[in-house]
Protein chains: 2
Amino acid sequence: MARQGSRSRPPTMADVARLAQVSPQTVSRVLNDYAFIRPDTRDRVLQAIDVLDYRPNQAARTLATSRSRTIGVVATDYLSYGPAAALWGVERAAGEAGYGVSIVSLRESNHRAFTEAMQRLVGQSVEGIVMIAPQDQSTHEVFDAFDNVPVVTLSSFETGEHKPIMLDSAEGSRIATRHLVELGHTVIAHLSGPPRFTVSEERVRGWREVLAETGLAAPEPVVGDWTAESGYLVGRELAADRHVTAVYAANDRMAQGLLLALHEAGRRVPQDVSVVGFDDVPEAAYMIPPLTTVRQDFAALGRRCIEAVLALIGNEPRLEPDPLVPTLVVRESSGPAPR
Amino acid sequence: MARQGSRSRPPTMADVARLAQVSPQTVSRVLNDYAFIRPDTRDRVLQAIDVLDYRPNQAARTLATSRSRTIGVVATDYLSYGPAAALWGVERAAGEAGYGVSIVSLRESNHRAFTEAMQRLVGQSVEGIVMIAPQDQSTHEVFDAFDNVPVVTLSSFETGEHKPIMLDSAEGSRIATRHLVELGHTVIAHLSGPPRFTVSEERVRGWREVLAETGLAAPEPVVGDWTAESGYLVGRELAADRHVTAVYAANDRMAQGLLLALHEAGRRVPQDVSVVGFDDVPEAAYMIPPLTTVRQDFAALGRRCIEAVLALIGNEPRLEPDPLVPTLVVRESSGPAPR
DNA sequence: GCGCAGTTTGAGAGCGCTAACAATGGCCGC
DNA sequence: GCGGCCATTGTTAGCGCTCTCAAACTGCGC
């Protein structure tokens, strides 16, 4: 574990080989866990590696093997909890599998930006790409254009080969809505995410299904854009409608904005209005009142993404695990319907 | 912009050269903006590149030049807003400078984990490293062991060559505390971050300074761990103390927990107690009540980190810009002291 | 008409590693 | 005591790019 001189050329495999009195190839074999190496040779090599503080040059390795041991991630927004947590899970799972993670974020999510991001990653010869970004039809065309690198998407509709690894958003919605139904609510509004995004639509779908099953009327969802601000703004209208006694928000941040709007309108939660969110962000338990919400296991999601890309990289049959089912976390923002 | 056949070998520079009827070296020159190329030769090459959808192999480039055009980022936690925003800024600034970003996160922040993370990045031959992680003495020893790659840290104390790029936390504290002083508060508590972290200590320092200047007593800070939960737990004690009419929390999440604790204790904000946070997370404006807080420009911070590493990479003299001064955002959680 | 500076292109070597093949030596059975 | 097999190591040739050096060509002044 020697310290290197300041900015000196790092040692190469040849240096190690010389010191250990073997050929470079033998060093390479030791590094790659080749089976037939005499134990004492291996030891000599390992010791030389240690003495020189040698670390293999990834670029050379990549060039020689055309395997970069790197996964690319394209994200639109990891300032929000969901994407960030997914990124976290992906990065962690990748690390455990011996892969590094290279990340590119998009400012806008249009065709050109996607293409650019993908090109960038492909140029870094990533072995696979995980998309943590909302998608629509046009982005899928982009994936198709990059058909020599496996792409795994994280929530989107299914087209062609690109099946998404996703949480069962619709099921989460059903759970949330059912909870409100069971509490006796009959007018259950939905504060949805922006249309044309699969996650939004899935959540709308689940909510509609339960209302239909139960024979309740399904009003048009009120549309937000995932931000607390939008939750607050459309929440004010919701707050003004005295018929509404329960709102299921498509994520916790909008729910938070909604809580403020209800508070300002003098409507008590949960006595007058029940609120249920989605995500279980760390702050959910500390909102006023603590938010009932649907918890998603983002870490597991990330793990699955990595499993899926690695499978694709290894040309293994694509595994189709059951979607991850979210769970309901009941806190204080939901209660029996008033009468 | 031809589509490639499924999983075929991507085109190389030689392919482009052949098609354009020039030598590979000329293609390389076109790619690297070499000045003396006849315009029509350049056009032929560019066209060939376009036709083949050629993209240079980064690994080969890195190997030949030993420049990877990649910056490594070590982060402990980018699920919190601050680190995530900083990462965002770094990644964005890096992208603009033509650099990619490779990220490694740490589960624990001990010596070994740091070393491992650094090794990993060095192995990917990153040209520089940005640390988005709390540091203490031991981590600095790690940096010193990697003295052939420039490291920029983002908040930590200064030791040796490793001066941190940071926001002026102490000044932020002063601004927040002064605001409360000006509102007439005389008992101003501080809900601090965990000790031994520079950011925490800086913030404690700024708060102490203003109290000292003003001749107010400085109680011991109440210690949290940045989470809303800790804010809530220690907040309950704070709420029980009727003398306290103002609390300055070292971040917004703890402030959120505190707000809940105060609410549950029946203490009104801001009529009975004023609360000021730090960070201006996107949700701050939608807490109950909307939180007065200190805004940090994380994007600028990220930009500066990249500027700093790039300077170090280019062996330019280290620039020492003024620390970024945060600004106060007054909302509804702070008001005149009751009497 | 010749030399020279400057422009434009190409040839050869090498970055650090691994894949493929070849070579060595030891041990076995007969 | 010899062929054959296996364990163990070495040799050679790239991976795709850029560096350095050198060649060819242009136009200019004298």
Side-chain angles (χ1 to χ4, degrees), chain A residues 4 8-46 48-49 52-70 98 100 122-127 148, chain B residues 4 8-46 48-49 52-70 98 100 122-127 148:
Chain A
Q4 302 168 22
S8 61
R9 188 181 118 295
T12 74
M13 195 171 252
D15 297 327
V16 175
R18 208 169 307 122
L19 183 60
Q21 316 232 47
V22 295
S23 74
Q25 179 61 306
T26 300
V27 178
S28 169
R29 290 198 179 100
V30 170
L31 251 29
N32 292 291
D33 287 323
Y34 180 71
F36 304 116
I37 304 250
R38 211 186 301 145
D40 64 303
T41 315
R42 177 192 308 278
D43 289 344
R44 273 215 318 288
V45 171
L46 288 176
I49 288 176
L52 296 177
D53 194 24
Y54 165 78
R55 249 158 293 125
N57 180 321
Q58 260 302 131
R61 243 179 176 168
T62 299
L63 185 56
T65 58
S66 56
R67 303 195 49 199
S68 63
R69 301 221 137 257
T70 298
V122 169
Q124 288 177 44
S125 33
V126 297
E127 291 182 41
N148 48 0
Chain B
Q4 303 167 19
S8 62
R9 187 181 121 293
T12 75
M13 195 170 253
D15 297 327
V16 176
R18 208 169 307 121
L19 183 59
Q21 316 231 49
V22 294
S23 73
Q25 181 54 29
T26 299
V27 178
S28 170
R29 290 201 178 97
V30 170
L31 250 30
N32 292 291
D33 287 323
Y34 180 70
F36 303 116
I37 304 253
R38 211 186 301 144
D40 65 302
T41 315
R42 177 192 307 278
D43 289 345
R44 274 213 318 288
V45 171
L46 288 177
I49 287 176
L52 296 177
D53 193 23
Y54 165 77
R55 249 160 292 126
N57 180 320
Q58 260 302 132
R61 246 181 173 167
T62 299
L63 184 56
T65 59
S66 56
R67 305 195 49 197
S68 62
R69 302 223 138 254
T70 299
V122 170
Q124 288 176 44
S125 32
V126 296
E127 291 181 43
N148 48 359

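Below, chains carry the letters A, B, ... as their sequence lines are ordered, and counting in each starts from 1. Just so you know, these numbers use all the heavy atoms, side chains as well, and skip hydrogens, waters and symmetry mates.
Distance alone, capped at 3.5 Å, is enough to place a donor-acceptor pair between the A:Asn57 side chain and the A:Ala59 backbone. With hydrogens and angles ignored, the 3.5 Å screen pairs no side-chain donor or acceptor of A:Ser125 with any backbone N or O of A:Ser68.
Note: CD (B:Gln58) to C1' (D:dT18) measures 13 Å, nearest angstrom. Distance CG (A:Asp15) to P (C:dC15): 11 Å, rounded to an integer number of Å. D:dT18 atom P lies 12 Å from atom CZ of B:Arg69, rounded to whole Å. Atom P of nucleotide C:dC17 and atom CG of A:Leu63 are separated by 12 Å, given to the nearest angstrom. Across the protein-nucleic acid pair, A:Asn57 atom CG and C:dC15 atom C1' stand 8 Å apart, rounded to whole Å. Rounded to whole Å, the distance from CG on A:Asp40 to P on D:dA7 is 17 Å.
Side-chain proximity of A:Gln25 to the nucleotides C:dG14, C:dA20, D:dT9 is greatest for C:dA20. Considering only the side chain of A:Asn32, C:dT18 comes nearest among C:dC17, C:dT18, D:dC19. Residue B:Met13 has its side chain nearest to D:dC17 when only C:dG10, D:dC17, C:dC17 are considered. Ranking C:dC17, C:dT9, D:dG10 by closeness to the A:Ala60 side chain, first place goes to C:dC17. Picking from C:dT9, D:dG14, D:dT18 the nucleotide with the shortest atom distance to the side chain of A:Ala64 gives D:dG14. With distances taken from any side-chain atom of B:Arg29 to the nucleotides D:dC21, D:dC17, D:dA7, the minimum falls on D:dC21. Here the side chain of B:Thr65 is nearest to one of D:dT8, C:dT9, D:dT18, namely D:dT18. Among the nucleotides D:dG16, D:dT18, C:dT9, the one closest to the side chain of B:Ser28 is D:dT18. Closest to the side chain of B:Pro56, from the set D:dT11, C:dT7, D:dC17, is D:dC17. Ranking C:dT8, D:dT9, D:dG16 by closeness to the B:Phe36 side chain, first place goes to C:dT8.
Phosphate proximity of C:dG16 to A:Thr12: absent, as no side-chain N or O sits under 4.0 Å from OP1 or OP2. Distances shown here put a side-chain N or O of A:Thr26 below 4.0 Å from the OP1 or OP2 atom of D:dG10. Contact between the side-chain N/O atoms of B:Thr41 and the OP1/OP2 oxygens of C:dT9 is found at a separation under 4.0 Å. Taking 4.0 angstrom as the limit, B:Arg61 places a side-chain polar atom (N or O) nearer than this to OP1 or OP2 of D:dT18. At D:dC19, none of the side-chain N or O atoms of B:Tyr34 fall inside 4.0 Å of OP1 or OP2 (strictly under the cut-off).
Contact annotation: the side chain of B:Gln124 never approaches that of B:Thr70 to less than 4.5 Å [non-hydrogen atoms, C-beta and beyond].
Remark: of the listed residues B:Val30, B:Leu31, B:Asn32, B:Asn32 is the sole one forming a side-chain contact (heavy atoms from CB on, under 4.5 Å) with B:Ser28.
Within the nucleic acid shown, B:Ile37 comes within 4.0 Å of sugar-phosphate atoms alone, with no base atom in reach, counting heavy atoms only.
Nearest heavy-atom pair, A:Arg61 versus A:Thr65, reported as atom, atom and distance to 0.1 Å: O-OG1, 2.7 Å.
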